[in-house]
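Step one of this worksheet: look at the structure below.
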Amino acid sequence: LAGPGTILGLPAPASLKLLSTKGSAPFCSLPVRYTDLYSSPSFRKHRCPTTGQPPAEPALCLICGALLCAGSECCKRDGLGALTRHAAAECSEGSGVFLLLHKCQTVILRGSHAAYWSSPYVDDFGEEDSGLERGRPLKLDPVRLARLRKMWSGHAVAAAVVKERSTRDRIIRDNYM
């Protein structure tokens, strides 16, 4: 388990200190530049607990700072993905907010249902770079981060997942994450 100030037992870099949001679980603070997050020693040293290899799709829990394998068979247990299990048992009683680090996409999760959400990182023009295909430097958008925090602290993750899954044509299979 990852404790406060750690990511999978390793000390969290200063840029990932946990902030307490009023009346709720801690919420990870994020570095201003995405490259600082992506190149942090904690991220680079992270290995899948099952295979011992770097995860194919690492995800950062924005609630507690844990690094997990997203959507991979190696960490599925009883048909549940690592993010679903983490949100249900270790972190937030069924709701979760995760950043997919290789794609710079946010995943919101409630129970077995998950949906993509806007990334807190944008380029100089305020646009996301989903999949990191354009290669432009990304920076943290405080307004987007505030929306994520408000959704989390206002217990609105479940409603957001339902809305995203009902209005988008690109959804995530149940229990996949």
Side-chain angles (χ1 to χ4, degrees), residues 2 7-8 12-13 15-16 27-51 53-76 80-87 91-92 95-110 112-149 151-152 157 160-161 163-177:
I7 296 176
L8 294 175
S15 59
L16 290 178
F27 202 91
C28 241
S29 70
L30 295 168
V32 173
R33 296 182 322 171
Y34 187 73
T35 53
D36 292 342
L37 175 63
Y38 197 79
S39 63
S40 74
S42 296
F43 170 67
R44 297 178 56 79
K45 291 179 183 176
H46 176 66
R47 298 290 180 255
C48 170
T50 305
T51 66
Q53 300 297 316
E57 186 57 67
L60 175 68
C61 176
L62 295 179
I63 309 308
C64 72
L67 278 168
L68 306 155
C69 295
S72 62
E73 290 299 319
C74 62
C75 290
K76 280 195 177 184
L80 300 176
L83 305 188
T84 303
R85 285 193 341 273
H86 177 78
C91 188
S92 56
S95 294
V97 181
F98 301 91
L99 181 63
L100 301 179
L101 294 172
H102 285 324
K103 295 180 180 174
C104 195
Q105 286 184 312
T106 305
V107 170
I108 55 175
L109 183 135
R110 176 64 186 151
S112 64
H113 305 295
Y116 293 109
W117 187 259
S118 58
S119 172
Y121 287 95
V122 295
D123 64 17
D124 286 337
F125 301 102
E127 297 177 354
E128 292 182 33
D129 187 3
S130 293
L132 301 173
E133 295 173 355
R134 292 185 303 214
R136 293 187 179 160
L138 301 174
K139 62 183 179 192
L140 190 61
D141 182 332
V143 173
R144 286 177 177 231
L145 185 59
R147 277 193 333 198
L148 271 174
R149 284 189 171 147
M151 177 180 54
W152 170 254
V157 173
V161 169
K163 180 181 178 187
E164 290 299 310
R165 288 176 62 94
S166 64
T167 59
R168 306 276 183 222
D169 55 351
R170 185 173 161 229
I171 63 169
I172 301 170
R173 290 189 327 254
D174 288 352
N175 294 318
Y176 180 71
M177 292 287 179

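Predicted model, so just to flag it, every value in this text is computed and none were measured.
Atom CD1 of Ile108 is separated from atom CD of Glu164 by 5.5 Å, given to the nearest 0.5 angstrom. Here the OG1 atom belonging to Thr50 is positioned 11.5 Å from the CD atom belonging to Glu73, to the nearest 0.5 angstrom.
The minimum heavy-atom distance between Thr106 and Leu99, with the atom names listed, is OG1-CD1, 3.9 Å. The minimum heavy-atom distance between Arg165 and Ala114, with the atom names listed, is NH1-O, 3.1 Å. Closest heavy-atom contact between Pro58 and His102: CD-CD2, 3.0 Å. The shortest heavy-atom contact between Ser112 and Thr84 is CA-CG2, 4.4 Å. Here the closest non-hydrogen pair linking Trp117 and Ala160 is CZ3-CB, 3.8 Å. Pairing each heavy atom of Gly81 with each of Lys76, the nearest pair is CA-CG, 3.9 Å.
Side-chain contact between Pro49 and Cys75: present, with at least one pair of heavy atoms (C-beta onward) separated by less than 4.5 Å. Looking only at side-chain heavy atoms (C-beta outward), Val107 and Leu100 come within less than 4.5 Å of each other. Residues Lys139 and Asp124 meet the side-chain proximity criterion, which asks for heavy atoms closer than 4.5 Å. Contact annotation: the side chain of Cys69 never approaches that of Glu57 to less than 4.5 Å [non-hydrogen atoms, C-beta and beyond]. You'll find the side chain of Asp129 stays beyond 4.5 Å of the side chain of Cys104, heavy atoms only.
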Quiz prompt | Step-by-step side chain to side chain contact (heavy atoms under 4.5 Å, CB included) determination, His113 to Arg110 | solution = CA-CA 5 Å; His113 305 295; Arg110 176 64 186 151; 5.6 Å; no
Self-check item: side chain to side chain contact (heavy atoms under 4.5 Å, CB included) between Leu37 and Leu60, worked out
Solution: CA-CA 10 Å; Leu37 175 63; Leu60 175 68; 4.0 Å; yes
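Under the side-chain contact (heavy atoms from CB on, under 4.5 Å) criterion, Arg144 pairs with Ser118, Val122, Glu128, Asp141, Arg147, sequence neighbours left out. Every residue two or more places apart in sequence or in another chain that forms a side-chain contact (heavy atoms from CB on, under 4.5 Å) with Ala87 is listed here: Ser92, Phe98, Leu109. Partners of Ser39 by side chain to side chain donor-acceptor pair (under 3.5 Å), not counting sequence neighbours: none found. Glu127 pairs by the side chain to side chain donor-acceptor pair (under 3.5 Å) definition with Arg134, not counting sequence neighbours. Checked against side-chain contact (heavy atoms from CB on, under 4.5 Å), Thr51 has the following partners two or more places apart in sequence or in another chain: Cys48, Gln53, Cys74.
Contacts classified as ring pair (Phe, Tyr, Trp, His ring centres under 6.0 Å) and involving residues 121-146 (residues at least two apart or in different chains) are given here: Tyr34-Tyr121.
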